[in-house]
There are 2 protein chains.
Amino acid sequence: MDNKKIEKISRALSDTNRIAILQQFKKRKDCLYCAEVNDLLDLTQPSVSHHLKQLVDADLLLPQKEGRNLKYVLNQEVLDEYIASLNDLKS
Amino acid sequence: MDNKKIEKISRALSDTNRIAILQQFKKRKDCLYCAEVNDLLDLTQPSVSHHLKQLVDADLLLPQKEGRNLKYVLNQEVLDEYIASLNDLKS
DNA sequence: TTTGAATATTTAAATGTTTCGATGTTTCGT
DNA sequence: ACGAAACATCGAAACATTTAAATATTCAAA
């Protein structure tokens, strides 16, 4: 994983709202609906949409349309690659 | 590690200059001098000082004064805690 | 003890991020 | 087809970050 990608993922993770979103994947089943995120965060719908976009743009979340609903899945592979890059910093 | 701490470390990692600093620890011995970082990055001294401060404030780097020089050591424990928090996101 | 080298701080400009209200788009029910 | 629900986008305000020039601090060495 190159440094630009590490930067992008780190930036996506640098907000407690987005961290809270990612943590919901453990509590619920393995997918999360957009509407559930709106309930979770104390923010307006456009703000939530913005945060989800950051996570999707960083490839941490994979969006799947289901009619007019939107379902997200955690991209474990990218998360693992990111973690591997961090582990690689250690000597 | 609480979410505020994860946010802070993520933000410290969300810049390619700071990522490059951390990567130098593998290439050199296990410590890095401030002056070496000035040579490494194509930035003015105050900018480098700013980036090093971000890493120190996030506890990723431990500063040690040596006369008028400043030596940094990578804080592997905090890095490990951060990685553990990320691993914890996985289901 | 003065000088100079190494690092930090301050200030300010440019740019990026977060948030919300308003509005737009898509798609499901009726 | 129409209205409403779910989500996205736009525009703007508030705030944070990045960077450099100027200046300050700290400390070793002469």
Length of the line joining [X]:[atom1] and [N]:[atom2], which is rounded to integer Å:
{"X": "B/L55", "N": "D/dT18", "atom1": "CG", "atom2": "C1'", "answer": "14 Å"}
{"X": "B/K53", "N": "D/dA16", "atom1": "NZ", "atom2": "C1'", "answer": "15 Å"}
{"X": "B/K8", "N": "D/dT17", "atom1": "NZ", "atom2": "C1'", "answer": "13 Å"}
{"X": "B/H51", "N": "C/dA8", "atom1": "NE2", "atom2": "C1'", "answer": "15 Å"}
{"X": "B/N17", "N": "D/dT17", "atom1": "CG", "atom2": "P", "answer": "16 Å"}
{"X": "A/D39", "N": "D/dA6", "atom1": "CG", "atom2": "P", "answer": "10 Å"}
{"X": "B/N38", "N": "D/dT19", "atom1": "CG", "atom2": "P", "answer": "14 Å"}
{"X": "B/Q54", "N": "D/dT19", "atom1": "CD", "atom2": "P", "answer": "10 Å"}

Using the side-chain heavy atoms of B/D15, tell me which of these nucleotides is nearest: D/dT19, C/dC20, C/dT7.
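Of the options given, the side chain of B/D15 lies nearest D/dT19.
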Given C/dC20, D/dT19, C/dT17, which nucleotide is nearest the side-chain atoms of A/R11?
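Per side-chain heavy atoms of A/R11, the pick is C/dT17.
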If you compare every side-chain N and O of [X] against the phosphate oxygens of [N] (OP1, OP2), does one of them come in below 4.0 Å?
{"X": "A/S49", "N": "D/dA8", "result": "yes"}
{"X": "B/S47", "N": "D/dA20", "result": "yes"}
{"X": "A/N69", "N": "C/dT26", "result": "no"}

Give one of base, sugar-phosphate or nothing for B/L52, where a contact means two heavy atoms less than 4.0 Å apart.
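Since no nucleic acid heavy atom lies under 4.0 Å of B/L52, the category is nothing.
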Pick base, sugar-phosphate or nothing for A/H50, based on heavy-atom distances below 4.0 Å to the nucleic acid.
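Base contact.
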Grab the N/O contacts between the protein and nucleotides 26-30 of chain D below 3.5 Å, and write none if there aren't any.
from: D/dC27; atom 1: OP1; to: B/K65; atom 2: NZ; distance (Å): 3.4

B/D2, CG: over 12 other non-hydrogen atoms inside 6.0 angstrom:
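Counting other residues, nucleotides and ligands, CG of B/D2 exceeds 12 neighbours.
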Return yes when atom CD of A/E77 has more than 12 non-hydrogen atoms of other residues, nucleotides or ligands closer than 6.0 Å, and no otherwise.
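Counting other residues, nucleotides and ligands, CD of A/E77 stays at 12 neighbours or fewer.
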4.5 Å side-chain heavy-atom contact, B/Y72 and B/C31
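No, their side chains stay 4.5 Å or more apart.
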Side chains of B/F25 and A/L89: closer than 4.5 Å at any heavy-atom pair?
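No. Closest side-chain heavy atoms not under 4.5 Å.
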Just checking, is any N or O donor in the side chain of B/Q23 or A/D88 under 3.5 Å from an acceptor N or O on the other one?
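Result is no, nothing qualifies.
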For residues 49-62 of chain B, run the donor-acceptor check on the side chains, cut-off 3.5 Å, and write out each pair with its distance to 0.1 Å, sequence neighbours left out.
from: B/H51; atom 1: ND1; to: B/R18; atom 2: NH1; distance (Å): 3.0
from: B/K53; atom 1: NZ; to: B/D57; atom 2: OD2; distance (Å): 3.0
from: B/D59; atom 1: OD2; to: B/K5; atom 2: NZ; distance (Å): 2.5

On the side chain of A/Q45, is there an atom forming a donor-acceptor pair with the base of D/dA8 - under 3.5 Å, no angle test?
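Result: at least one qualifying N/O pair found.
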Residues forming a side chain to side chain donor-acceptor pair (under 3.5 Å) with B/D15, sequence neighbours excluded:
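B/D15: side chain to side chain donor-acceptor pair (under 3.5 Å) contacts with B/N17.
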